[in-house]
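Single-structure report; data block below.
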Amino acid sequence: MNYWLMKSEPNAYSIDDLRATKTKIDHWDGVRNYQARNMMRDDMKKGDLAFFYHSNCNPPGIAGIVNIVKEGYPDFTAFDPQEPHYDPKSSPDKPRWYMVNIKFKRNLKRFIALAELRQNPLLRDMLLLRPGNRLSITPVTAAQWQAILAME
DNA sequence: GCCAACGTTGGC
DNA sequence: GCCAACGTTGGC
């Protein structure tokens, strides 16, 4: 099983939005970055766990945990000109972008802010904390996962 | 709102 | 295939 961290701007889509859905399941659409796409298309597996991270807000940090419940499939929002992430270069017969389905698992017992993560020496090598990292999806090692849970 | 760090685009 | 220009991300 793999661990991940997935960023979302809570203004656009927060963990509360996910929890408020009827099934607590939603698709993770809108990723338009090749590295993140490749991870969703090739590496994310059903049963994997991911931190739901709130970015571009005050304060940024980890809000909760989700399960991967459906593996990579074409992001249909790329086909729709009405969609904000429409991409005319992606089509149903030749999809360029992929997404997964996630399911709300739980909120962390308390929100763990980015500034706190930075202070934890066990997380020194975490991709999220690397200067200038903008990837919306990053792998998390088992050791990092446990270290973060220990901060709850 | 600023700006550093990247990714992408497109001219050559 | 190089690289400058441009756009985006996202912390602060």
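Quick note on labels: first sequence line is chain A, next is B, and so on, each numbered from 1. All figures in this text were calculated on a predicted structure; none of them were measured in a lab.
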Quiz item: Between C:dG11, C:dG10, B:dG7, which one does the side chain of A:Asn33 approach most closely?
Solution: B:dG7

Exercise. Pick base, sugar-phosphate or nothing for A:Arg32, based on heavy-atom distances below 4.0 Å to the nucleic acid.
Key: nothing

Exercise. Please state whether the phosphate of C:dG11, meaning OP1 or OP2, lies under 4.0 angstrom from any side-chain nitrogen or oxygen of A:Tyr53.
Key: yes

Practice problem: Would you kindly give the CG-to-P distance between A:Leu128 and C:dT9, to the nearest whole Å? | Solution: 16 Å

Practice problem: Round to a whole Å and report the spacing from OH of A:Tyr34 to P of C:dT9. | Solution: 15 Å

Quiz item: Given A:Pro60, which of A:Leu128, A:Leu114, A:Leu117 fulfils the side chain to side chain contact (heavy atoms under 4.5 Å, CB included) condition?
Solution: A:Leu114

Practice problem: Report the distance from atom CG of A:Leu135 to atom P of C:dG11, rounded to the nearest whole Å. | Solution: 13 Å

Practice problem: Spell out, as yes or no, whether a donor-acceptor pair under 3.5 Å connects the side chain of A:Glu71 to the backbone of A:Lys46. | Solution: yes

Exercise. State whether a side-chain donor-acceptor pair under 3.5 Å links A:Arg96 with A:Tyr34.
Key: yes

Quiz item: Counting only side-chain N and O atoms of A:Arg118, is one of them less than 4.0 Å from OP1 or OP2 of C:dC12?
Solution: yes

Quiz item: For A:Asn133 and A:Asn56, take the nucleotide of DNA chain B holding the closest heavy atom to each; which residue's nucleotide lies nearer the 5' end?
Solution: A:Asn56

Quiz item: Would a hydrophobic clustering, with Ile, Leu, Val, Met, Phe, Trp and Tyr connected at side-chain separations under 4.5 Å, put A:Tyr13 with A:Met6?
Solution: yes

Exercise. In whole angstrom, give the distance that lies between atom CG of A:Leu129 and atom C1' of C:dG10.
Key: 14 Å

Quiz prompt | Whole-Å gap separating P (C:dC12) and CG (A:Leu117) | solution = 11 Å

Exercise. In whole angstrom, give the distance that lies between atom CG of A:Leu5 and atom P of C:dG10.
Key: 11 Å

Quiz item: Is A:Val100 linked to A:Trp97 within one hydrophobic cluster, defined over Ile, Leu, Val, Met, Phe, Trp and Tyr using a side-chain heavy-atom separation of less than 4.5 Å?
Solution: no

Quiz item: How many Å lie between CZ on A:Arg134 and C1' on C:dT8, as a whole number?
Solution: 6 Å

Quiz item: How close or far is atom P of B:dA5 from atom CD of A:Gln35, stated in whole angstroms?
Solution: 17 Å

Quiz item: Which of the following nucleotides, C:dG10, C:dG11, B:dT8, is nearest to the side chain of A:Lys7?
Solution: C:dG10

